[in-house]
Amino acid sequence: MLTDSHCHLDRLDLSPYNDDLGAALNAARERGVERFLCIGIDIKNFPYLIDITKKISDVYLTAGIHPMEFNDGPVEFPEEGLAGWLEQAGQTETVVGIGETGLDYYYSSDAIEAQQQSFVTHLQVAGKLNKPVVVHTRDARDDTIRLIREYGNLDSAGVLHCFTEDWEMAKKGMDLNFYISFSGIITFKNAHTLREVVEKVPLERILVETDSPWLAPVPYRGKSNEPKNVVEVARCIAEIKGVSYEQVCEQTGQNFARLFRLRGLERENRQNV
Ligand code: NI
């Protein structure tokens with residue numbers, strides 16, 4: 001079951017679809033995408049995302065604050081603080097995971113402490129709620145692994161999303177029970193090293209994602225990305241691993257369901273509106 005395990009539905013460019021999110025999702029469904037995980041990255045848009053996921057049965061949700069949100073100065077939390085907000089948000093019916101959280105030292109070093117504090121809080125709340133955590137990591141390999149090891153719940157684990165690091169980091173993540181999610185970056189011409197990582201990570205540990213609206217795969221590079229393009233990511237993995245496209249869809253879909261514990265959560269009784 002082809003699943004876009006990471007998309008930001010509140011940020012998509014819907015102009016080709018007359019501002020209709022349903023039409024963008026239909027375009028993906030027509031290409032065989034059967035499930036979507038919409039990733040929350042701020043407090044402001046979260047109520048809108050709850051609204052979407054309550055109405056559309058093949059869209060699941062996560063709750064979190066992106067590490068880059070801290071790069072522009074302190075983030076304002078509601079009265080109950082980050083932990084309180086996350087705990088409450090994390091218990092929303094359609095929320096299957098905590099994040100996007102993590103560490104990104106690429107642009108700014110001023111925010112490192114705030115990013116780390118937030119990451120630790122996300123890991124702790126995820127552990128408490130027994131939900132997997134969606135982790136963004138860039139230029140922060142050692143700290144990411146160290147904090148997961150120290151504060152993460154290895155049972156509920158999580159995913160290193162939009163993976164662009166090396167094999168050593170992938171291995172460390174898998175040793176902590178994490179899945180590795182690949183985006184359209186693996187289709188980029190110069191991504192040889194990353195494709196070698198794809199080759200080595202067992203298909204049983206892989207998820208596929210778009211990270212839309214960002215990082216459109218070849219041949220859409222430079223355009224706004226959307227969930228329908230997860231097909232190109234799955235195809236690329238099939239090619240690298242020398243397995244069928246169907247096998248990649250099937251296995252990564254099963255991995256997704258296992259990580260986010262969808263059994264019993266598949267909401268047959270919910271209707272698309
Ligand atoms: Ni993201």
Side-chain angles (χ1 to χ4, degrees), residues 2-7 37 39 62 64 66-67 97-106 115-116 119 122-123 126-127 132-211 214-215 217-218 230 232-243 247-260:
L2 182 55
T3 305
D4 183 356
S5 73
H6 193 114
C7 49
L37 181 58
I39 304 290
T62 67
H66 198 284
I98 299 297
E100 171 170 0
T101 179
L103 302 173
D104 192 320
Y105 299 169
Y106 184 75
Q115 286 189 10
Q116 289 191 358
F119 188 28
H122 281 74
L123 289 167
V133 65
V134 177
V135 174
H136 169 110
T137 176
R138 184 161 53 161
D139 287 353
R141 291 177 191 171
D142 291 347
D143 284 353
T144 302
I145 293 295
R146 178 175 60 81
L147 292 179
I148 292 174
R149 210 174 265 150
E150 224 166 295
Y151 299 96
N153 177 342
L154 297 193
D155 186 37
S156 49
V159 54
L160 298 178
H161 110 89
C162 193
F163 193 81
T164 52
E165 306 294 333
D166 60 4
W167 163 243
E168 203 190 329
M169 172 88 174
K171 207 177 157 313
K172 283 180 184 163
M174 288 188 286
D175 286 345
L176 293 166
N177 265 342
F178 271 59
Y179 286 75
I180 310 294
S181 181
F182 294 105
S183 69
I185 294 179
I186 63 168
T187 68
F188 293 1
K189 207 175 160 201
N190 58 2
H192 306 288
T193 322
L194 187 57
R195 281 190 286 272
E196 283 168 23
V197 179
V198 175
E199 214 177 324
K200 285 185 186 167
V201 175
L203 192 53
E204 289 69 29
R205 305 300 298 177
I206 291 180
L207 302 184
V208 287
E209 66 169 276
T210 56
D211 204 9
W214 301 290
L215 300 167
V218 174
V230 75
E232 274 66 30
V233 181
R235 272 191 196 145
C236 184
I237 288 175
E239 199 176 305
I240 293 168
K241 290 196 160 297
V243 298
Q247 200 179 333
V248 172
C249 298
E250 183 55 33
Q251 186 61 54
T252 56
Q254 278 181 29
N255 299 344
F256 178 83
R258 195 182 321 118
L259 175 62
F260 291 100

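Keep in mind that this is a model prediction, so the values were computed, not measured. The chain is numbered in sequence order, starting from 1. Worth knowing before you read on, the calculation uses all heavy atoms, side chains too, and leaves out hydrogens, waters and symmetry mates.
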Practice prompt. Please lay out, stage by stage, how Arg205 and Asn255 fare under the test side chain to side chain contact (heavy atoms under 4.5 Å, CB included).
Written response: CA-CA 7 Å; Arg205 305 300 298 177; Asn255 299 344; 5.9 Å; no

Fill in: For Tyr105, the option from Thr144, Thr137, Asp139, Asp143 that meets side-chain hydrogen bond (donor to acceptor under 3.5 Å, both in side chains)
Asp143

Worksheet entry | Cys162/Ile185 under side chain to side chain contact (heavy atoms under 4.5 Å, CB included): CA gap, chis, key distance, verdict | CA-CA 8 Å; Cys162 193; Ile185 294 179; 3.9 Å; yes

Item to complete: Kindly determine whether Leu37 and Thr62 satisfy side chain to side chain contact (heavy atoms under 4.5 Å, CB included), including the steps that lead there.
Response: CA-CA 7 Å; Leu37 181 58; Thr62 67; 3.8 Å; yes

Would you compute the distance between atom [atom1] of [X] and atom [atom2] of [Y] and round it to the nearest 0.5 angstrom?
| X | Y | atom1 | atom2 | value |
| --- | --- | --- | --- | --- |
| Leu160 | Ile145 | CG | CD1 | 6.0 Å |
| Leu103 | Leu147 | CG | CG | 6.0 Å |
| His136 | His161 | NE2 | NE2 | 6.0 Å |
| Lys171 | Ile180 | NZ | CD1 | 11.5 Å |
| Lys200 | Met174 | NZ | CE | 10.0 Å |

Side chain of [X], backbone of [Y]: donor and acceptor closer than 3.5 Å?
| X | Y | value |
| --- | --- | --- |
| Asp166 | Thr193 | no |
| Lys241 | Val201 | yes |
| Glu165 | Arg141 | no |
| Ser156 | Gly127 | no |

Using every non-hydrogen atom in the two residues, find where [X] and [Y] come nearest and quote the distance to one decimal.
| X | Y | answer |
| --- | --- | --- |
| Gly97 | Phe260 | CA-CE2, 4.2 Å |
| Ala234 | Leu2 | CB-CD1, 4.1 Å |
| His122 | Gly64 | NE2-CA, 3.4 Å |
| Ser183 | Leu215 | OG-CD1, 4.4 Å |
| Phe119 | Ile148 | CZ-CG1, 3.8 Å |
| Gly184 | Pro217 | CA-CB, 3.8 Å |

Worksheet item: Is it true that Glu199 and Arg195 have a side-chain N and a carboxylate O under 4.0 angstrom from each other?
Response: no

Worksheet item: Would the number of heavy atoms belonging to other residues, nucleotides or ligands and lying under 6.0 Å from CD of Gln254 be above 12?
Response: yes

Item to complete: Look at atom CG of Asn190 and say whether more than 12 heavy atoms of other residues, nucleotides or ligands are closer to it than 6.0 Å.
Response: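 Above 12, so yes.
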
Contact between [X] and [Y] at the side-chain level, heavy atoms closer than 4.5 Å - yes or no?
| X | Y | value |
| --- | --- | --- |
| Glu209 | Val230 | no |
| His66 | Gln115 | no |
| Lys172 | Phe178 | no |
| Thr101 | Val134 | no |

Worksheet item: Strictly by modelled atom types, are His6 and Glu100 linked by a side-chain donor-acceptor pair under 3.5 Å?
Response: yes

Discussion item. Taking side-chain contact (heavy atoms from CB on, under 4.5 Å) as the criterion, tell me which of Ile186, Thr252, Val243 meets it with Ile237.
Written reply: Ile186

Discussion item. With side-chain hydrogen bond (donor to acceptor under 3.5 Å, both in side chains) as the criterion, how do Thr187 and Glu232 come out once you've worked through the C-alpha distance, each side chain's angles and the decisive distance to 0.1 Å?
Written reply: CA-CA 8 Å; Thr187 68; Glu232 274 66 30; over 6 Å; no

Worksheet item: Which word best sums up how the rings of Phe163 and Phe182 line up, parallel for under 30°, tilted for 30 to 60°, or perpendicular for over 60°?
Response: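 Phe163 and Phe182: perpendicular rings.
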
Fill in: Stepwise side-chain hydrogen bond (donor to acceptor under 3.5 Å, both in side chains) test for Thr210 and Asp4
CA-CA 6 Å; Thr210 56; Asp4 183 356; 2.6 Å; yes

Practice prompt. For the pair Val159 and Leu259, evaluate side chain to side chain contact (heavy atoms under 4.5 Å, CB included) and give the outcome as yes or no after the intermediate values.
Written response: CA-CA 8 Å; Val159 54; Leu259 175 62; 3.9 Å; yes

